[in-house]
Amino acid sequence: VRDAPRRPGVLRLRIEQFAPQLGEPAANLERLARSQTRAAAEGIDLVVTPELSLTGYDIRDRSHALAEPLGELPFPQLAHGPDMILGMVERGAGFVPFNTAVHIRRGRVLHRHRKVYLPTYGMFDEARHFGAGDRVRAYSAGFGDGEDWRVGLLVCEDLWHPALSYLLAAAGAHLLIVQSAAAGRGTWQGRGAAGEGGRFASWETWEHLARAAAVAYGTYVVLANRVGVEGPCVFAGGSLVVAPDGIVEQRADDFAEQSLTAELRLDRVAAARRPFSHLRDDDPHLVLRELNHLLQPDA
Amino acid sequence: VSADALREGRLREVIGAVAERALLDRGCSHVLIMDDNSPEAALVRRWLSQTLGEGRVGRVSLTEQQVEPVLHVLEQVFPFARAAEANGTGDAAAEIRRLYVRLVPGALSVNPLNKTALLLSGGVPPDDLLPLGDLYATEVLQLAGGWSVPAPIRGIVAASGGIERLDAALRRHIDGREPDALAALPPSTRDAVLRALQAGRAARLWGSVVPKLGSRTVGVDLFE
């Protein structure tokens, strides 16, 4: 799968920011397989793609028709090359479609995360079309050759609910991977983090969220957003790699398809956590007690 | 490059990308702008020429004089057309321009109406694409150096104390969803605005393609 020897604690990650074709999973899978082949030649360990990268976003009533079960070897086309996080409509037990992020290794499923928070407000209508996930789990991705990376997956709106990032961090995640299909909004107001102008206001909020999670938990946050147009909506691109100290290490262009490569290092995670003890001092028992108090005030 | 220029570039990119998608989705080859010689029409022509290419952007700018013979015939079939035109409830010239676009093979009709006009005109014009439909008149004023509002709404603009005051109230009402936003307008004007908004409510649920630029967009997520 990989010719160059892997360095301990180093993860070469690529965000494949692209415009999936709406309702064309075969074409999109072919595209992803090509990306994987190219990534293999460049010594990449993990390719991250945007939300619903197999189907496109605005599929509405086609969610059932496009849903696929995750069987033994769901993606033989992706069996040769680096790992890939792709976004798909997963057909769950009971034939419920889920908006799912899947970590594929040699064509098989290493881990999956069903989007928990389905936005159903404003321009979104996801709860009409998808079932909601009911868990978040960090997992050992085994990239480290001795020093293992623990990873947590989130899908788009999940990042707007900090409890999920907290749970993944509490479960030991070094790296939060967030897939998104975020439409650009606030074109008139958007000025960009440096006040330069000409950016989407919505994207400034995304950057705040990603950097806040990175700083609070000392984790890398990788945000893979899509580009392209569906109907009246333009997807913003601007994918990010945020280092564990909250610095935006890499940023993709706002509109264009782009392959963004970053070298993630576990020693940077350690360095970000040395000056502070936020994660060490977090007390999940206290959180549990207080949540119980909120949920069962009379108990 | 100034922040304003960057913003204009971003708006142009979004609108151009959505227009390109609309052409693809509908199997059309070019756009035809319903050109009433307004500043908005000039802005749309410039932006779409820059993004789609000049060869794919045409305009229908039939003058009143050119339309006159057709109006004359029309009057015999639709005797009320002149009256509607006269009292500001109809625009026969615009309808003839629209008919022109409909008869051109492979053309996507483009109406340069701004958001203020779109919200208060009691409906959504039956054109395929409204590129400026998510920009208020005051925003168009900054971009195009002028703005236009259909004749029936001009009274509301004047009674509001000007387009800035009207737009500010509309923006708070529509985008901010502030329950009391329209209280900033004189009481009689507020009622007229509410009536106008109500009149177009159903039409706005199923509008034309309006490129999403702001937080609540006609046809996308402005459901009242």
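Lettering follows sequence order; numbering is per chain, from 1.
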At a 4.5 Å cut-off on heavy atoms, which part of [X] comes close to chain A: side chain, backbone, both, or neither?
X        : value
B/Ala22  : neither
B/Leu130 : neither
B/Leu135 : side chain

Are [X] and [Y] close enough for a salt bridge, meaning some N to O gap below 4.0 Å?
X        : Y        : value
B/Glu178 : B/Arg172 : yes
B/Arg45  : B/Asp35  : yes
B/Glu8   : B/Arg46  : yes
A/Asp245 : A/Arg211 : no

Q. Has B/Arg171 got its NZ or CZ under 6.0 Å from the middle of the six-membered ring of B/Tyr136, at an angle within 45 degrees of the ring axis?
A.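 Because its charged atom sits under 6.0 Å from the ring centre and within 45° of the axis, B/Arg171 does stack over B/Tyr136.
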Q: Under 4.5 Å, counting heavy-atom pairs only, tell me which of B/Ala5, B/Ala19, B/Ala17 racks up the most with chain A.
A: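 Among the listed options, the one with the most contacts to chain A is B/Ala17.
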Q. Chain A: which of B/Ser215, B/Gly214, B/Gly9 shares the most heavy-atom pairs with it under 4.5 Å?
A.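 Looking at each option in turn, the highest pair count goes to B/Gly214.
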Q. If you count heavy-atom pairs under 4.5 Å between each of A/Gly228, A/Pro232, A/Cys233, A/Ser202 and chain B, which one has the most?
A.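 Result: the option with the highest number of such pairs is A/Pro232.
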